[in-house]
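The chains referred to below are lettered A, B, ... by the order of the sequence lines, with proteins before strands, and numbering in each begins at 1.
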2 protein chains.
Amino acid sequence: MNDLDLLFSALADSTRRDILARVSEAEMSIGQIAEHYGLKFGSISKHIKVLETARLISKHRRGREQIVTIVPATLAIARKHIERYAAIWADRFEQLDELLKEEDE
Amino acid sequence: MNDLDLLFSALADSTRRDILARVSEAEMSIGQIAEHYGLKFGSISKHIKVLETARLISKHRRGREQIVTIVPATLAIARKHIERYAAIWADRFEQLDELLKEEDE
DNA sequence: CGTTCATTCTACTATCTAGTAGAATATTCT
DNA sequence: AGAATATTCTACTAGATAGTAGAATGAACG
């Protein structure tokens with residue numbers, strides 16, 4: 001699996017996207033992240049490992065905890081590739097931007 | 001699997017991303033697309049089905065062929081979500097844009 | 001109408017993934 | 001050192017996915 005496969009498949013899971021959303025607002029330990037989900041700690045630890053392998057997050061130790069931080073450069077790469085597929089459609093994209101301002105997940 | 005899971009997992013395969021890149025430049029039949037890969041027709045047909053289910057492409061019949069077209073609105077949704085995770089990092093993103101201008105896959 | 005072309009569907013195999021349980025490791029506290 | 005906390009690792013199960021072969025469908029052509 002190449003880098004881009006790892007990147008997009010890491011994003012293809014709603015638990016992982018939610019972790020990413022949380023971590024994009026504040027650094028957190030793995031334990032703090034795990035509290036929010038009805039899953040065993042081991043499962044969340046695995047999800048975080050997937051995000052780390054995709055380089056969407058990085059970890060550093062602080063005492064006994066591991067602190068998780070987002071890696072914005074990797075998100076930028078994902079965005080860049082999506083834009084490539086849509087490059088020709090730039091005009092329509094601008095119209096879509098307007099449309100999307102009202103929409104929310 | 002929800003819409004966003006389908007969208008990102010459709011993107012998490014290099015054959016499918018390549019199909020998307022091809023189709024973003026010109027409409028093509030499934031047969032024309034399949035010529036470019038060392039895979040059986042059935043396998044490519046399946047990949048195209050995955051892209052269609054994710055609404056990244058749509059198909060319409062022209063005579064005996066099925067013509068594949070990109071759906072830019074779906075790419076816009078993917079981009080929007082990626083930007084959400086990176087929202088706080090907007091400043092750094094602008095610097096990254098500069099960096100990425102030189103990089104290529 | 002029977003054949004050919006383009007594509008899909010069904011069935012099967014091999015490989016991958018998500019989740020869980022429980023043992024193992026690293027760090028801190030007493 | 002020994003107990004407690006935070007996290008990872010190993011092993012396992014159930015379900016998903018990629019690829020292939022071959023039958024089935026839909027449209028066009030002689």
Visitor: Quick one: do Arg22(A) and His36(A) satisfy side-chain hydrogen bond (donor to acceptor under 3.5 Å, both in side chains)? Show the steps, please.
Guide: CA-CA 10 Å; Arg22(A) 246 173 241 289; His36(A) 297 282; 3.3 Å; yes
Visitor: Taking only N and O in the side chain of Ser45(B), is any of them less than 4.0 Å away from OP1 or OP2 of dT7(C)?
Guide: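 Checking dT7(C) against Ser45(B), no side-chain N or O comes under 4.0 Å of OP1 or OP2.
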Visitor: Report the distance from atom CD1 of Ile57(A) to atom CD1 of Ile19(A), rounding to the nearest 0.5 Å.
Guide: 7.5 Å
Visitor: Reckon Ser29(B) touches a base, only the sugar-phosphate, or nothing at all at heavy-atom distances under 4.0 Å?
Guide: sugar-phosphate
Visitor: When the distance from NZ of Lys59(B) to P of dT7(C) is rounded to whole Å, what number comes out?
Guide: 9 Å
Visitor: Might you confirm whether atom CZ of Arg55(B) has over 12 heavy atoms from other residues, nucleotides or ligands at distances under 6.0 Å?
Guide: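 Not more than 12 within 6.0 Å, no.
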Visitor: Just the rounded figure in Å: distance from C1' of dT17(C) to CD1 of Ile48(A).
Guide: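 Answer to the nearest Å: 17 Å.
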Visitor: Under 4.5 Å between any side-chain heavy atoms of Val50(A) and Leu56(A), yes or no?
Guide: no
Visitor: Within this structure, what is the CZ-to-P distance between Phe41(A) and dT8(D), rounded to whole angstrom?
Guide: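 Rounding to the nearest Å, CZ of Phe41(A) and P of dT8(D) are 7 Å apart.
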Visitor: So do the side chains of Asp13(A) and Phe8(B) get within less than 4.5 Å of each other, counting heavy atoms only?
Guide: no
Visitor: Would you say that Tyr37(A) contacts His47(A) through its side chain, given a criterion of any heavy-atom pair below 4.5 Å between the two side chains?
Guide: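 With C-beta onward as the side chain, the pair stays apart.
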Visitor: Just the rounded figure in Å: distance from P of dT8(C) to NE2 of His60(B).
Guide: 13 Å
Visitor: Going from CG on Asp3(A) to OG1 on Thr53(A), what distance comes out if it is rounded to the nearest 0.5 angstrom?
Guide: 11.0 Å
Visitor: Which angle, rounded to 10°, do you find between the first-five-pair axis and the last-five-pair axis of the helix from dC1(C)-dG30(D) to dT30(C)-dA1(D)?
Guide: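 The two end axes of the helix from dC1(C)-dG30(D) to dT30(C)-dA1(D) meet at 20°.
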Visitor: How do Lys49(B) and Val50(A) order along DNA chain C: which one's closest nucleotide is nearer the 5' end?
Guide: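 Closest to the 5' end, via its nearest nucleotide, is Lys49(B).
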Visitor: Figure out the CG/C1' separation between Asp5(B) and dT17(D), and round it to whole Å.
Guide: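 Between C1' of dT17(D) and CG of Asp5(B): 15 Å.
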Visitor: Report yes if some heavy atom in the side chain of Leu75(A) is under 4.5 Å from a heavy atom in the side chain of Ile70(A); otherwise report no.
Guide: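 A side-chain contact under 4.5 Å exists here.
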Visitor: Between P on dC16(C) and CE on Met1(A), what's the gap in Å once rounded to a whole number?
Guide: 10 Å
Visitor: What string of B, S and - do you get for nucleotides 19-30 of chain C, 5' to 3', if B is base contact, S is sugar-phosphate-only contact and - is no contact with any protein heavy atom under 4.0 Å?
Guide: BBS-----BBS-
Visitor: Output the single nucleotide from dT8(C), dT8(D), dT17(C) whose closest atom is nearest the side chain of Ile30(B).
Guide: dT8(C)
Visitor: Give every donor-acceptor pair under 3.5 Å between a side-chain atom in residues 59-68 of chain A and any protein atom, sequence neighbours left out.
Guide:
from: Lys59(A); atom 1: NZ; to: Glu52(A); atom 2: OE1; distance (Å): 3.1
from: Arg61(A); atom 1: NH1; to: Gly63(A); atom 2: O; distance (Å): 3.4
from: Arg61(A); atom 1: NH1; to: Arg64(A); atom 2: O; distance (Å): 3.4

